[in-house]
Amino acid sequence: MTNIDTDESSAGNNNQRPNHLYLIDGSAYIFRAYHRLPPLTNIHGEPVGAVYGYTSMLWKLADDLHAADGPTHMAVVLDKSSKSFRNDIYDQYKANRPPAPEDLRPQFPMIRDATNAFSLPLIEEENVEADDMIASYTKAAIAAGWRVTIVSSDKDLMQLIEPVEDSRVDMLDTMKNARIGDAGVRAKFDVGPDKVGDVLALMGDSADNVPGVPGVGPKTASKLINEFGDLESVLAAAPEMKKSKMRENLIEHSDKARLSKILVTLKDDCPLPIALEDMPLRDIPPEPLAEFLTYHGFNSLLKRIGQLSDVSAANKAIAGTRGADHDKVKIDAAGAIMAGQAAKPPEMPPINIDDYVMVTDAEDLQKWVDRARAIGHFAFDTETDSLEAVTANLIGFSMAITAGEACYVPLAHGGTDLLAQRPEMVEMKTALDIIRPLLADDSVLKIGQNLKYDKLVLAQHDIIINNIDDTMVMSFNLDAGKHGHGMDELAKRHLGHECISYKSLTGTGKKQISFAEVPVEDATKYAAEDADVTLRLWQHLKLRLPAEGASKIYQMVDRPLVDVIAKMEGEGILVDREKLAKLSHDFAGEMARLEQEIYAIAGEEFTLGSPKQLGEILFGKMGLKGGKKGKSGQFSTDVTVLEDLASNGVEIAQKILDWRQLAKLKSTYTDALQAQINPKTGRVHTSYSLVGAQTGRLSSTDPNLQNIPIRTEIGRQIRHAFVADKGNVILAADYSQIELRLAAHIANIAPLKEAFEAGEDIHARTAQELFGEVTRESRGRAKTINFAILYGISRWGLAKRLEVTPDEAQAMIDIYFARFPGISAYIQETTTRVKECEYTETLFGRKTHFPRINSSNGAERQGSERAAINAPIQGTCADIIKRAMARMVPALQHAGLGDVKMLLQVHDELVFECPQDKIDAASKVINDVMANAALPYLTLSIPLGVDIGTGASWGEAH
DNA sequence: CGTTTCACG
DNA sequence: GACGTACGTGAAACGT
């Protein structure tokens, strides 16, 4: 891990610091990459594992470039031929090397292409080894007063490090992400860098066929050198040593040792083919690099091209604004620059809950508001009596102006109970009138943790919050997959602070009290702390956003969505209560009938909803076959098991399946939804979480409106209960096959792209490619395989789904990969990359972290691998529909369709409530916005198809 | 509070 | 040799 100061002392005086030359030992890297990476092939079928590894390594360095003491000059050094002066003095030198593997040889010229693609100078001289060239350049650079970093892990090169604590030469091992200086050499060889040659001469090097002295290995060699000083002294002292095999060997093989010394000593006076000054590091021109990446289909790198400059700009911004604070910016395994959790947060006074102020009169409040306006930003938080924003009552609010400077404004403590003692408070209306203009002011930034909630609560009081930053969303854009994004967790992680728990104030369970009943003194500590912590978190996270390349997704996609989602939740959707009640009643009747039949067959009554009891009845008492026990030792009774029984004519199984379906529909939907109708609005208001799904999708709770039934006719009836208000229709617009389209684009699957371009039935096309014919059967299988591919396939998983043997499933996978070579390249490239940097990215740069991708637990690791294959596709889909949503509101407004309301999002579908006379106009706008949502940032190689339907209910609109 | 099942994309 | 085999979610019910 490399720590680089970005404070003023180093970043602020770039002009004065010495030139810094990075010398990349390209040849050594190729071999390591070749052996370390799986045998990847590019889209042309050429082996490119080593090329990919090499390209990734250069990429990492490109990030390093922008560090404060990063390179000013850079060059790649390659071996041109296998011969050098060493072969003239010792014909056995490197003679034991096997020839390069067949699939590595064609990669050597590609390494040159890669180097050229990065517009880096390439040094390769006939009859000169790369090591000697590196030694010569190092010597010249040091003589000129420069610093040198050798990008290699070759131990021979360690001789070039200066034997002092602050060596001007160091080595960088990009695979281990380690920097090696004088101390690193001593740790490895137990001698200083200047004695490494002597140690190597004694121990020899089997890889290069350097003989050394028989019987002397690294331990003995360093011991001898430390005792006698250098090789010649060791050899001279040998006759005086006490009699041993080692003494004999030292005497007998002294010539070999001297020869070895010559062989390992680097030649540092080679003529320099390019002058030092002629390899300055410039911005990397994107075109040649893009061309190279495109040719090989290195798509994940390709789409990150923009970041090379992004990172540069972001880092400069940090160096410029940070000034006095001493944060470290470090380079992680991926080379992404992170000011991570390990970094100390910006310096702030400690959190002291006794410093917080309670504001109880209007003049005081006005002073806080004026101060917030003067500073231009503040943290804000509302306190209410409910988690449900649409119905929650406002109890008070808190503000934090600077770290530690926070207040709470109680508004409705003591409740409405006339007997209760009401504490002194600013009158609600007065207080709201004072903060309303501030919250609406576009020039003052409002910082909050999940501000969507506060927006909804305050919307009840005609307060609009403009210009926001949301720490929860910021955290999600930085750390999705690493940890949760709740405030308490973030405070602990980033500030080392344990927040006062809500429960400690209100209690839990039966005894729980409303926040309005919490004493104002306690409420002040709690609420002001929330605002204070939010402000501190913001100061921490806002620095990380640009440094870690997360600004784009935050600013372009997720931040604008907070307003949009709040608006949708506030609208809610109209639900036909009578329809649901009737369904509940019908389901209950049918369930009762089935229940009796089931008990009759089973011969006893039992709890039908208990999988445990059911399993015992079926496989124990009735002795049916096909019982599988899971790890809990319980019989499984899930659909696959019951369907299996049913298809074998087991009557009870089908009845249980039917009962189960009804029980599910009734409890989860028809009963529950009625209870979710908001009494104030008469509509159902779901709550969307912007941070709920690691891939960037939304999730929906209370109630979940993203899993309303559709697949079965009986379940589908529930959709008919979601209706439009008078004079309106429900308009449902969904992306057609968007995940497959994006997979075709991202993995560059030519036949699928053609099919989408031509508007073909994609599963039929897949069936044609795979099985040579399109039948109902083959199309169904093709559909299953298509989805399996998106999810990271395994032969066993596919076998289970298709009810074939794993071997047959594997055969289908093989054919699929052969017909669509892009997909296997994508899978290989994605898994390789995620193993290196532990995150994936969408086309819009959204990161999802996979901290368990290198787990030693196989199941855990493979699970992460499959998720990582899926994440860029699912995540890009989420990005696209989110962009469509953010643009939809102004687009409708602009078209004079402000009364068309966006109500729901279901991953690839948007549901609107639309005045009957505006269906055509709205359809056009909605289609336009959705189909073009990727533009202009991203031009896809496939069209995005949108299907739109309308009807009196959601069910009819499909 | 964990497990099982099942609703959706 | 076992693990457990499709990705992402949330809700309800059971049973400890």
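First the proteins, then the strands, lettered A, B, ... as listed; each starts at 1.
- If you take CD1 of Ile708(A) and P of dG10(C), they are 14 Å apart, rounded to a whole angstrom.
- At the phosphate of dG9(B), OP1 or OP2 sits under 4.0 Å from a side-chain N or O atom of Arg711(A).
- When heavy atoms are screened at a 4.0 angstrom cut-off, Thr784(A) is found touching base atoms of the nucleic acid.
- Cation-pi contact between Lys847(A) and Tyr839(A): present, with separation from the ring centre below 6.0 Å and deviation from the ring axis of at most 45°.
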Both distances under 3.5 Å, Watson-Crick or G-U wobble: on that basis, could you give the dot-bracket string for DNA chain C, with [ ] for crossing pairs and | for other-strand partners?
......|||||||||.
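- Atom CG of Leu698(A) and atom P of dG9(B) are 15 Å apart (whole Å).
- Checking dA7(B), dG8(C), dT4(B) against every side-chain atom of Thr695(A), the shortest atom distance belongs to dG8(C).
- The base of dG4(C) is paired with the side chain of Gln862(A) by a donor and an acceptor separated by under 3.5 Å.
- Salt bridge Arg833(A)/Glu829(A): absent, no basic N to carboxylate O contact under 4.0 Å.
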After noting the C-alpha distance and the side-chain angles of Ile926(A) and Leu910(A), does the key distance pass the side-chain contact (heavy atoms from CB on, under 4.5 Å) rule?
CA-CA 9 Å; Ile926(A) 290 164; Leu910(A) 295 174; 5.7 Å; no
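- Between the side chain of Glu909(A) and the backbone N or O of Ala733(A), no donor-acceptor pair lies under 3.5 Å.
- Of the P atoms belonging to dG4(C) and dT5(B), the separation is 15 Å, rounded to the nearest Å.
- Distance CG (Leu673(A)) to C1' (dC8(B)): 13 Å, rounded to an integer number of Å.
- Using a distance-only test at 3.5 Å, with no hydrogens or angles considered, a donor-acceptor pair links the side chain of Gln706(A) to the main chain of Gln905(A).
- In this structure, the nucleotide among dG8(C), dA7(B), dC6(B) sitting nearest to the side chain of Gln661(A) is dA7(B).
- In this structure, Leu608(A) atom CG and dT5(B) atom P are separated by 13 Å, rounded to whole Å.
- A donor-acceptor pair under 3.5 Å is formed between the side chain of Thr848(A) and the backbone N or O of Gln694(A).
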Footprint string (nucleotides 11-16 of chain C, 5' to 3'): B base within contact, S backbone only, - free, heavy atoms under 4.0 Å:
BSSSSS
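- Look at CD1 on Ile710(A): it is 10 Å from C1' on dG9(B), rounded to the nearest Å.
- At distances below 3.5 Å, not a single donor-acceptor pair connects side-chain atoms of Glu865(A) with backbone N or O atoms of Gly792(A).
- In terms of modelled atom types and a separation under 3.5 Å, the side chain of Arg861(A) and the main chain of Asn854(A) share no donor-acceptor contact.
- Summarising the geometry, the separation between CH2 on Trp659(A) and C1' on dC6(B) is reported as 13 Å, rounded to the nearest angstrom.
- Computed from coordinates, the Arg852(A) CZ to dC7(C) P distance equals 14 Å when rounded to whole Å.
- In this structure, Asp734(A) atom CG and dG9(B) atom P are separated by 9 Å, rounded to whole Å.
- A donor-acceptor distance shorter than 3.5 angstrom exists from the side chain of Asn648(A) to the backbone of Asp644(A), with no hydrogens or angles considered.
- Contact check, Arg660(A) against dC6(B): a side-chain N or O comes under 4.0 Å of OP1 or OP2.
- With sequence neighbours excluded, the residues that form a ring-ring contact (aromatic ring centres under 6.0 Å, His included) with Phe722(A) are Trp954(A).
- Using a 4.0 Å heavy-atom distance criterion, Gln694(A) is classed as a sugar-phosphate-only contact.
- Contact annotation: Arg697(A) side-chain N/O to dT9(C) OP1/OP2 distance is not under 4.0 Å.
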